[in-house]
2 protein chains.
Amino acid sequence: MAEEMLDALDRAGVRLTGPRRRLAALIARREGHFTAADLVKDVGRRRLGIGRATVFRLLELLGEQGLLERIDLPDGSHAYIPCEPTHHHHLVCLECGTTTDVGDCGIEAVTREAARRSGFTIEQHRLELFGRCPNCSSAN
Amino acid sequence: MAEEMLDALDRAGVRLTGPRRRLAALIARREGHFTAADLVKDVGRRRLGIGRATVFRLLELLGEQGLLERIDLPDGSHAYIPCEPTHHHHLVCLECGTTTDVGDCGIEAVTREAARRSGFTIEQHRLELFGRCPNCSSAN
DNA sequence: AACACATATGAGACAGAGTCTCAATACCGT
DNA sequence: ACGGTATTGAGACTCTGTCTCATATGTGTT
């Protein structure tokens, strides 16, 4: 997972620096979504001495490579989810933060229908699903 | 439109104060989506002397009444759209900012399918469509 | 029409997210 | 090992949104 990110960065032609390796490791060991602030806190807790700006810069880089996607939580804050660089949507557990990807579940048909009704040309869409994961639903 | 908002506020049992009336008028004359900052700027330009906090407070109130919905633009910033208080989704023109509502276009089926595949219990979803409105598409 | 009091207001402090600058550092091809 | 360039950390800065609190303003009652 951390390897995967570093490979992608290498392929993108950026340098594999110490801070980037350490951050990749931190991200890899996270589960579910996390915010930039979470990462910054991790950095502080482990006294890695990595600056805030560097954290944001890596998040942006990984986003560009499609290895991380930024989602908008229901409360309006931003979070990141590690994921494959293919088009898909996210299912976020509101209780434990776990996320799962779901591929195309017929959303294409929905956007086509919306385009037909409105006359709009649709260029991008965002679908986010929130609920409870199997664990949290049953634990209840 | 401004009337509609004021009626709703009245029904909600809040006071119809001067600042609220003036803000409702400002919102009513806007087209498409707008940000809190846009409104604050309007207030400043017209020297209405309405505080920032009051603007945010009214946006929240109108949101609670379902007359305004907050959406997340692709760039991560927040905007508001005046709309009817029924469940629906938004189509946002990336060029001129116009928005249109689309009702249920089959999204229910999509969420059911995602729930089946993942085992999640889905509680809420957010679908936002971005593209170009008929005008902007033809103007090209 | 005036009252009484809860609600709303504006100003500005505050908190948090994210960006920018810049001098110092560290990667990496040669 | 070297040199040029990309990257870094620190901290200033901007922007969004929230909070506090003393003051002002609606509104139901009289």
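Since the structure is predicted, the reported quantities are computational estimates derived from the model, not experimental observations.
With the nearest nucleotide of DNA chain D identified for both B:E60 and A:G13, A:G13 has the one nearer the 5' end.
Screening residues 30-42 of chain A for salt bridge (Lys or Arg N to Asp or Glu O under 4.0 Å) gives A:R30-A:D42, A:D42-A:R45 as the qualifying pairs, with residues at least two apart or on separate chains. Within the structure, the side-chain hydrogen bond (donor to acceptor under 3.5 Å, both in side chains) test picks out the following pairs touching residues 108-121 of chain B (sequence neighbours left out): A:S137-B:T121, B:E113-B:R116, B:E113-B:R117. Residue pairs meeting the salt bridge (Lys or Arg N to Asp or Glu O under 4.0 Å) criterion with at least one partner in residues 62-76 of chain A, sequence neighbours excluded, are A:D72-A:R126. Counting only residues at least two apart or on different chains, the ring pair (Phe, Tyr, Trp, His ring centres under 6.0 Å) pairs with a member in residues 102-134 of chain B are B:H87-B:H125, B:H89-B:H125.
Here the OG1 atom belonging to B:T100 is positioned 10.0 Å from the NE2 atom belonging to B:H90, to the nearest 0.5 angstrom. Rounding to the nearest 0.5 Å gives a distance of 10.5 Å between CG of A:L68 and CG of A:L61. A distance of 9.0 Å separates CG of A:L91 from OG1 of A:T99, quoted to the nearest 0.5 Å. Here the OH atom belonging to A:Y80 is positioned 13.5 Å from the CG atom belonging to A:L67, to the nearest 0.5 angstrom.
Between its opening and closing five pairs, the helix from C:dA1-D:dT30 to C:dT30-D:dA1 changes axis direction by 40°, a value rounded to 10 degrees.
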Check: Which letter, B, S or -, goes with each nucleotide of nucleotides 19-30 of chain D from 5' to 3', with contact meaning a protein heavy atom under 4.0 Å?
Finding: BB----BBS---

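Looking only at side-chain heavy atoms (C-beta outward), A:R52 and A:F56 come within less than 4.5 Å of each other. Side-chain contact between A:E84 and A:E4: present, with at least one pair of heavy atoms (C-beta onward) separated by less than 4.5 Å. No side-chain heavy atom of B:H78 sits less than 4.5 Å from a side-chain heavy atom of B:T35.
For DNA chain D, none of the residues of residues 40-49 of chain B falls under the heavy-atom distance limit of 4.0 Å. Contacts between residues 63-74 of chain A and DNA chain C, counted as heavy-atom distances below 4.0 Å, involve no residue at all. Within residues 24-39 of chain A, no residue has any heavy atom closer than 4.0 Å to DNA chain D.
Once you apply a 4.0 Å limit to the heavy atoms of chain A, the touched nucleotides of DNA chain C run 5' to 3' over C:dA17 to C:dC28.
In this structure, A:R52 atom CZ and D:dG11 atom C1' are separated by 10 Å, rounded to whole Å.
In this structure A:R132 satisfies the side chain to side chain donor-acceptor pair (under 3.5 Å) test together with A:E95, B:E123, sequence neighbours excluded. Here A:D7 pairs with nothing under the side chain to side chain donor-acceptor pair (under 3.5 Å) rule; sequence neighbours left out.
Linking ILVMFWY residues whenever their side-chain heavy atoms come closer than 4.5 Å, directly or via other members, leaves A:L127 and A:L73 in distinct clusters.
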